[in-house]
Amino acid sequence: VGVLCFQAISFGNTFIFRDNRPRTYEVTSIEALKHMKTNEANAEQLEELGTYVEEHNLSGRSVLLYGDVPALSAYLRMPFVMSPWPELPSYSMETFEAELNAVADGLEENRPVIILSQKFYNFLTSLEENVRDTDYFKTNDGFKLTLLREMIQENNYKVTFENEGYVIFE
């Protein structure tokens, strides 16, 4: 029983919260996260993101999320326009492509803000077209990110916010 409890707690800290460092900092700029304890770097990144969203009146606007950040939609009060977790392997490339095309087709009525985690933004900006069709590239989000990058470029999205954790395109 003791081993099971230890394993459950370790799993929760490491894989669910992905924050097994001391949680001594609070987030105050995002109402849904007030009084949440996290590590210093995560708190700082969320504070900056929350402040930017509030100062630029983005709450209430629709959002397209990518990069293991599905809860940002709820935290920032921004409804998602397609799956809030499109990088999951269970969210097929075909479904991603169809939903992204629907978003692109409806941009005149609803131009969503795009928020990516910094990790995926770095990958997005270093994509090379000549490796688009390799299995390795596809399994590392290359196909989905190539489509997302094309949508961003074709519709003149620009980076309006960037910190160590997140990037916003508008």
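Everything numeric here is computed off the predicted structure, so don't read it as measured data.
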- Supply the atom-to-atom distance R111 CZ to N155 CG, rounded to the nearest 0.5 angstrom. 6.0 Å
- side chain to side chain contact (heavy atoms under 4.5 Å, CB included) between T38 and V27, intermediate numbers included: CA-CA 8 Å; T38 188; V27 176; 4.2 Å; yes
- Check whether any side-chain heavy atom of V81 sits under 4.5 Å from a side-chain heavy atom of V63, and report yes or no. no
- Item | Approximate separation, where rounding is to 0.5 Å, of T160 OG1 and I114 CD1 | 10.0 Å
- Query: Can you list the steps and then say if V159 with I168 is a side chain to side chain contact (heavy atoms under 4.5 Å, CB included)?
  - Reply: CA-CA 6 Å; V159 172; I168 293 179; over 6 Å; no
- Would you call I152 and R149 a side-chain contact if the rule is heavy atoms closer than 4.5 Å? no
- Rounding to 0.5 Å, atoms CD (Q153) and CG (L148) come to a distance of 10.0 Å
- Does a salt bridge link E164 with K119, judged by any charged N lying under 4.0 Å from a carboxylate O? no
- Over all atoms of both residues, closest heavy-atom pair of L107 and P112: CD2-CD, 3.5 Å
- Could you tell me whether E170 and R61 make a salt bridge, using a distance below 4.0 angstrom between a side-chain N and a carboxylate O? yes
- Task: Please step through side chain to side chain donor-acceptor pair (under 3.5 Å) for the pair S59 and E54, ending with a clear verdict.
- Result: CA-CA 7 Å; S59 288; E54 285 305 313; 3.0 Å; yes
- Does L65 share a hydrophobic cluster with M82, counting links as ILVMFWY side-chain heavy atoms below 4.5 Å and allowing steps through other members? no
- Message: Taking atom OH as the centre, does Y75 end up with more than 12 heavy-atom neighbours from other residues, nucleotides or ligands that are less than 6.0 angstrom away?
- Response: no
- Task: I would like to know whether Q45 and N163 meet side chain to side chain donor-acceptor pair (under 3.5 Å); could you show each step before the answer?
- Result: CA-CA 7 Å; Q45 293 162 10; N163 70 10; 5.7 Å; no
- Message: Under the ring pair (Phe, Tyr, Trp, His ring centres under 6.0 Å) definition, can you give me all pairs with a residue in residues 147-170, not counting sequence neighbours?
- Response: Y52-F161, Y121-F169
- Item | Intermediate values then yes/no, side chain to side chain donor-acceptor pair (under 3.5 Å), S83 and E99 | CA-CA 9 Å; S83 171; E99 289 194 9; over 6 Å; no
- Contact check, side chains of V113 and I115, non-hydrogen atoms, under 4.5 Å: yes
- Check the hydrophobic clustering (I, L, V, M, F, W, Y; side-chain heavy atoms under 4.5 Å; chains of links allowed) and say if F96 and L116 are grouped together. yes
- Counting only N and O atoms by type, is there a donor-acceptor contact under 3.5 Å from the side chain of T51 to the main-chain atoms of E47? yes
- Can you tell me if K144 uses its side chain to pair, donor with acceptor, with the backbone of M93 under 3.5 Å? no
